Every structure is written in structure tokens, then in C-alpha cells.
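What you see is a predicted model; the values in this text were computed from it and never measured.
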Amino acid sequence: MVNLIKASFYKIFRMKSFYICGCLGIGVVILYLLSVNSQLGDLPPALFGYTGVKALMYGVTAGSLFCTIFISLFIPSEFSLGTIKNMISSGKSRLSIYFTKLIMGLFVVAAYTVLPALVAFSLGSFLWGPGELSRGDYLSLIRMVGLIILAEFAMQCLFIMVGFLVRRSGGTVAINLVSIMGTRVFILPLIDSLVYRWLKIDSFSSEKYWPYTYSGEFLALNINQETLVTGLLVCTAAIIISSLIGALTFVKRDIK
């Protein structure tokens, strides 16, 4: 298991796409903050609540899209390059291989969340000052970053599952990106409509059970207790269910 983890991380650190996607996430937040600062002109940033902490809240989700792109490229490449087949041929357990990719996914999520957030906080503090926060606020800030990582990891577990099912970069990238952009716009409203039509429940909201929802809901220092509990349950369930489906199908299917 340890050797599998080392091999995965060795490959990640040698992939240009890992650094390119990471730099793009950081670049996006830098450009955004500079744009906001230029729009302020001579107006005081404090008037609009701009501080290093607020900048961090912009930056903490800046790498999400690029994290999805990288993982959607990385997982299928393990099949197309024969890496997965070689691992299995050498006697490695399929479950341990899949679990290794989940660990890799968590690392990428953490890196693409924390690094843009730190850059955003540093630049925001330089431009507008860090902001005045109590010790409790800083603890809430750390909790917020941790929850964002959890919500993002829940989504990436779904995307890793898709990568193991599709096994082709083009198809995996397309499905995962469409799921990000299309689910909340088309699929979830359709589910709500069908639930209302068939079960006559007008208060049902499928968005509450979609883990990506909580990337936004968790983006606050003070989170409603009901939202926090629901989000934790939804994200944990998404991680467990997608990992089980991905791992079990990987165990059953042949590797060509």
C-alpha cells in the first residue's frame, strides 16, 4: 500500500498538468483580486468589507474547476498508459489501488484549496489589510477551509469513480465538467419537478442532497447548525457511496 501511494505521488509530481492546473487556480484568484482592487479606485476597501480574510474566501474555491480537470485527466491516464494493468499483474490488490487513488485525490483537493487560499489571503492582506478577527474567528476560518475540502473531496470521489468507469480522458473530462455545470441547472430542477408531480411534495429540494451545493453553503464563518449537519451527512454519504461503486466495479471488470 505504501509503495502504491509513493508511486502515485511520484507520478503526480512529474506531471506538468498538476502544476499547470494549480497555477491556473492561483492565477485566477490573483487576477480577480487585482480586478476588484482596480475597481475600487480611491474608495476605501473597508467600505465594502474587503480584507485579507474576505480575499481568502474568494480564493478557497478558486482551484475547484482545475482540480476536477486534473483528476479527470490523471485517472484515465493510469489505464491508457498501462499503469493499472501493470499494478494488477504485479499482484497488487484492486481495492488498495482504488484506495490509493482516493488518497491522491484528497491530496490534490487539499493542495488546490489551501494554496490559492493562502495566496489570496496574502495578496488581500497586502492590498487591504488582513482584517480584525478574534481567536474564535480564526478557528472558524480553519473550520471553513476544512469543510470546503470535505465538500470538494466528495465531488472528486464522484469524479474518480467516473474515471474508473469510463477510463478515457476525453469522456471523463466531458462527463465531469457537464455534471458540474448541468446538474444544478437541469437535473436537480427536473428531480424536484418529478417529486412534486408524483409525490405532491412541493417543499422537496434535491439540491440539499448534492454535495457540490455545500461548497457554497460552507463558505462562511458562521454556518447554520442544520446546514452543517446536513452538509456533513451528504458529503460523507457521497464519499462512501461513490467509493463503493467505483471500487466494486473496478474489482469486477476486466482490464484490457
Side-chain angles (χ1 to χ4, degrees), residues 21-22 25 56-72 74-75 95 98-117 120 139-165 172-173 175-192 195 203-250:
C21 289
L56 183 150
M57 296 177 74
Y58 288 129
V60 75
T61 57
S64 175
L65 175 62
F66 304 104
C67 182
T68 299
I69 292 173
F70 174 74
I71 286 179
S72 299
F74 177 77
I75 298 298
L95 288 178
Y98 195 92
F99 188 68
T100 297
K101 301 312 174 189
L102 291 178
I103 294 175
M104 176 277 303
L106 178 58
F107 168 76
V108 175
V109 167
Y112 281 34
T113 300
V114 173
L115 292 179
L139 292 176
S140 296
L141 198 63
I142 294 172
R143 182 188 68 170
M144 181 195 75
V145 174
L147 290 172
I148 293 294
I149 290 174
L150 174 67
E152 184 64 34
F153 181 56
M155 288 301 301
Q156 297 306 326
C157 283
L158 292 171
F159 299 150
I160 289 171
M161 178 193 73
V162 172
F164 271 85
L165 292 174
T172 302
V173 171
I175 291 172
N176 289 343
L177 291 183
V178 167
S179 71
I180 290 177
M181 297 181 286
T183 300
R184 295 182 71 174
V185 177
F186 301 108
I187 298 177
L188 297 183
L190 177 61
I191 293 174
D192 292 345
V195 168
S203 60
F204 179 79
S205 174
S206 57
E207 193 170 8
K208 291 174 59 177
Y209 307 101
W210 179 237
Y212 205 70
T213 299
Y214 295 94
S215 291
E217 294 290 342
F218 288 158
L219 198 60
L221 295 182
N222 298 310
I223 304 171
N224 178 276
Q225 186 67 21
E226 181 181 353
T227 300
L228 177 61
V229 173
T230 304
L232 288 173
L233 291 174
V234 169
C235 291
T236 302
I239 292 170
I240 294 172
I241 294 171
S242 61
S243 298
L244 285 175
I245 293 173
L248 291 177
T249 54
F250 178 50

If I compare all heavy atoms of S215 with all of T61, which pair ends up nearest, and what's the gap?
O-CG2, 4.1 Å
Counterpart residues, ring-ring contact (aromatic ring centres under 6.0 Å, His included), relative to F186 (two or more places apart)
none
Report the C-alpha distance between L65 and L177 in whole Å, list the side-chain angles of each, state the deciding distance to 0.1 Å, and finish with yes or no for side-chain contact (heavy atoms from CB on, under 4.5 Å).
CA-CA 8 Å; L65 175 62; L177 291 183; 3.5 Å; yes
Spacing of I69 atom CD1 and C21 atom SG [to the nearest 0.5 Å]
5.5 Å
Once you round to the nearest 0.5 Å, how far does OG1 of T68 lie from CD1 of I160?
10.5 Å
What is the minimum heavy-atom distance between A62 and G25, and which atoms define it?
CB-O, 3.7 Å
Partner of V229 under side-chain contact (heavy atoms from CB on, under 4.5 Å), chosen from T227, L233, L232
L233
Hey, could you give me the SG/CD distance between C67 and Q156, rounded to the nearest 0.5 Å?
4.0 Å
Could you work out, with side chain to side chain contact (heavy atoms under 4.5 Å, CB included) as the rule, every residue matching T213, not counting sequence neighbours?
R184, E207, W210, E217
If the plane angle is over 60° it's perpendicular, under 30° parallel, otherwise tilted; pick one for F250 and F164.
perpendicular
Point-to-point distance, once rounded to the nearest 0.5 Å, from CE of M144 to CD1 of I149
10.0 Å
Minimum heavy-atom separation for R143 and N222, please, with both atom names.
NH2-CA, 4.4 Å
Minimum heavy-atom distance between L56 and A117, given as atom pair plus value:
CG-O, 3.9 Å
Distance alone, cut at 3.5 Å: any donor-acceptor contact between the side chains of S64 and Y212?
yes
Is the side chain of S206 donor-acceptor paired with the backbone N or O of L188 at a distance under 3.5 Å, no angle test?
yes
Only distances under 3.5 Å count here; give the side-chain donor-acceptor pairs of residues 103-110 to other protein atoms, sequence neighbours excluded, each with its distance to 0.1 Å.
none

Out of curiosity, I245 CD1 to C157 SG, how far, rounded to the nearest 0.5 Å?
11.5 Å
Ignoring hydrogens, what is the shortest heavy-atom contact between A151 and C235? Give both atom names and the distance.
CA-SG, 3.7 Å
Please give me the minimum heavy-atom distance between I223 and A220, naming the atom from each residue.
CG1-O, 3.6 Å
Any side-chain heavy-atom pair from I239 and L102 closer than 4.5 angstrom?
no
Do I75 and V162 touch side chain to side chain, with heavy atoms closer than 4.5 Å?
no
Min side-chain heavy-atom separation S179-L158 under 4.5 Å
no
What is the distance from atom NZ of K101 to atom OG of S243, rounded to the nearest 0.5 Å?
14.5 Å
Are side-chain heavy atoms of T230 and Y214 found at a separation under 4.5 Å?
yes
Are F159 and I180 packed together at the side-chain level, in the sense that at least one heavy-atom pair is separated by less than 4.5 angstrom?
yes
